[in-house]
Amino acid sequence: MTTIVTSVQAIRTRLTKACIQAGRPVDGVTLLAVSKTRSADAVRAAHACGLSRFGENYVQEALDKIDALADLRDRLEWHLIGPLQSNKTRAIAAAVDWVHSIDRLKIAQRLSEQRPPHLRPLQVCLQVNISGEASKSGLAPDEVLAVAEQVAALPRLQLRGLMSIPEPADTPQARRQPHRALRELLDTLKARPALARLDTLSMGMSDDLEEAVLEGSTLVRVGTALFGARG
Ligand SMILES: *Cc1c(COP(=O)(O)O)cnc(C)c1O
């Protein structure tokens, strides 16, 4: 059986190789361990292997796990990467460090109003429906600029960049295409003075992290390649 130590090493090796191939600094990509459906103990074990950033999809599961790991709170960074409904923003604003899945202005406004004053601003990304799938959540690419300018002006949020979940594709070339499109969209935003400091492209998962790094990903979200198949 592959242990978490082995898989962390394997992922770091894949990231390093991809960075070298891309001609990028080898420490330029943050590894977010996607811990949805995993137990608090599995997160503890991953933390013992040197991981400190964890991504969760489901609000209640995230809140419960963050609570169960309260003793490690200062050493962990928690990211919400799944859908967020209006009635859950208050709890999330108090519990996590990052939200990647902002897909409408109203959610951002609520998070800004509800972020407790003693915490640093909530770090956020806008989720973009880069593959244009009718069923997927996320802003349409042509909506992103207007929303980004408004989110960037909210006092208790810090807009960091863009996130996407492209549809799976069979060839490396096909996997790169949506990552390239997201990077180009970020470049367009950064041409605006108010958005010049955006620095995050949250893209790439277990099956496409190389393609994402080649296209400029700064943060990959990896679940199954770290923890094994989800049951
Ligand atoms: C589950 C999930 C991941 C991780 O996917 P793997 O294929 O298990 O690496 C990344 N991002 C989001 C938004 C997810 O829901």
Side-chain angles (χ1 to χ4, degrees), residues 2-4 6-15 17-18 29-39 42-43 45-46 49 51-66 76-85 88 92 96-104 107 123-133 135-139 144 160-172 174-176 178-179 181-183 186 200-231:
T2 322
T3 66
I4 181 88
T6 318
S7 37
V8 171
Q9 279 172 352
I11 295 292
R12 293 214 186 278
T13 303
R14 284 175 65 188
L15 286 173
K17 283 185 178 159
V29 184
T30 297
L31 175 56
L32 181 69
V34 175
S35 47
K36 64 179 175 209
T37 77
R38 318 294 174 175
S39 66
V43 172
C49 295
L51 297 179
S52 58
R53 298 177 175 91
F54 294 91
E56 290 286 335
N57 278 65
Y58 312 105
V59 169
Q60 193 55 51
E61 181 187 343
L63 297 173
D64 291 346
K65 218 174 288 179
I66 292 167
L76 301 184
E77 200 175 84
W78 288 102
H79 296 232
L80 183 74
I81 60 175
L84 180 55
Q85 311 296 328
K88 301 287 175 56
I92 285 297
V96 306
D97 302 292
W98 283 68
V99 175
H100 293 230
S101 43
I102 305 283
D103 61 359
R104 51 197 193 278
I107 294 289
Q123 310 296 297
V124 301
C125 292
L126 301 183
Q127 182 172 352
V128 184
N129 184 358
I130 203 73
S131 306
E133 293 163 275
S135 60
K136 281 269 174 66
S137 45
L139 292 156
V144 171
R160 296 295 297 270
L162 302 177
M163 177 273 230
S164 70
I165 313 170
E167 56 185 351
D170 292 336
T171 66
R175 288 194 288 270
R176 277 181 75 156
H179 296 318
L182 196 71
R183 192 232 313 145
L186 184 72
T200 300
L201 275 173
S202 168
M203 60 186 198
M205 317 199 297
S206 293
D207 291 336
D208 64 353
L209 67 87
E210 284 83 0
E211 290 86 357
V213 168
L214 287 170
E215 293 296 346
S217 171
T218 66
L219 181 151
V220 292
R221 309 178 307 265
V222 180
T224 47
L226 276 173
F227 294 106
R230 281 181 290 274

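Computed from a predicted model, the values in this text were never measured in an experiment. Remember, it's 1-based here, ligands and their atoms both numbered in the order they're listed.
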Asker: Within this structure, what is the OG1-CG distance for the pair Thr224 and Asp207, rounded to the nearest 0.5 Å?
Answerer: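 CG of Asp207 is found 6.0 Å from OG1 of Thr224.
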Asker: Among the heavy atoms of Arg230, does any lie under 4.0 Å from an atom of ligand 1?
Answerer: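 True for this residue.
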Asker: Set out, in order, the CA-CA distance, both residues' side-chain angles and the distance that settles side-chain contact (heavy atoms from CB on, under 4.5 Å) for Gln85 and Val59, then state yes or no.
Answerer: CA-CA 9 Å; Gln85 311 296 328; Val59 169; over 6 Å; no
Asker: Does the plane of the ring in His79 sit parallel, tilted or perpendicular to the ring in Trp98? Use 30° and 60° as the thresholds.
Answerer: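 It falls in the parallel class, under 30°.
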Asker: What residue among Glu56, Lys65, Arg53 forms side chain to side chain donor-acceptor pair (under 3.5 Å) with Ser35?
Answerer: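 Going through the options one by one, the only one that passes is Glu56.
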Asker: Pick whichever of Ile165, Asp208, Leu32, Thr37 has a heavy atom sitting closest to atom 13 (C) of ligand 1.
Answerer: Ile165
Asker: Taking non-hydrogen atoms only, is Asp207 closer than 4.0 angstrom to ligand 1 via side chain, backbone, both or neither?
Answerer: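 Near ligand 1, Asp207 shows nothing, with every heavy atom at 4.0 Å or more.
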Asker: With heavy-atom distances below 4.0 Å as the criterion, list the atoms of ligand 1 near Gly223.
Answerer: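 In order of number, 4 (C), 6 (P), 8 (O), 9 (O).
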Asker: Could you identify the single nearest non-hydrogen protein atom to atom 9 (O) of ligand 1 and state the distance to 0.1 Å?
Answerer: Ser206 OG, 2.5 Å
Asker: At their closest point, which heavy atom of Ala212 faces which heavy atom of Gly204, and how far apart are they?
Answerer: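 So the minimum-distance heavy-atom pair works out to CB-CA, 3.4 Å.
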Asker: Please identify which atoms of ligand 1 are closer than 4.0 Å to at least one heavy atom of Asn57.
Answerer: 14 (C), 15 (O)
Asker: Under 4.0 Å from ligand 1, counting heavy atoms only, is it the side chain of Lys36, its backbone, both or neither?
Answerer: side chain
Asker: I'd like to know whether Leu219 forms a side-chain contact (heavy atoms from CB on, under 4.5 Å) with His100, so could you lay out the CA-CA distance, the side-chain angles of the two residues, the decisive distance to 0.1 Å, and finally the verdict.
Answerer: CA-CA 11 Å; Leu219 181 151; His100 293 230; 3.7 Å; yes
Asker: Going by the atom numbers of ligand 1, which of them fall below 4.0 Å from some non-hydrogen atom of Arg221?
Answerer: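 Those atoms are 4 (C), 9 (O), 10 (C), 11 (N), 12 (C), 13 (C).
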Asker: Any idea which atoms of ligand 1 are less than 4.0 Å away from a heavy-atom of Thr224?
Answerer: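 This gives 6 (P), 7 (O), 8 (O), 9 (O) as the contact atoms.
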Asker: side-chain contact (heavy atoms from CB on, under 4.5 Å) with Val144: which of Asn129, Ile130, Leu182, Val128?
Answerer: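 The passing option is Val128.
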Asker: Could you list which atoms of ligand 1 come closer than 4.0 Å to a heavy atom of Val222?
Answerer: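 Contacts of ligand 1 toward Val222, numbered from 1: 9 (O).
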Asker: If you have a sec, work out which protein heavy atom is nearest atom 3 (C) of ligand 1 and how many Å separate them, to one decimal?
Answerer: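 Protein heavy atom at minimum distance: Met205 SD, 3.7 Å.
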Asker: Please work out whether any backbone atom (N, CA, C, O) or any side-chain heavy atom from C-beta onward of Ile81 is under 4.0 Å from ligand 1, and answer side chain, backbone, both or neither.
Answerer: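 Near ligand 1, Ile81 shows its backbone as well as its side chain.
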Asker: Return the minimal non-hydrogen interatomic distance between Trp78 and Val43, and the atom names on each side.
Answerer: CH2-CG1, 4.1 Å
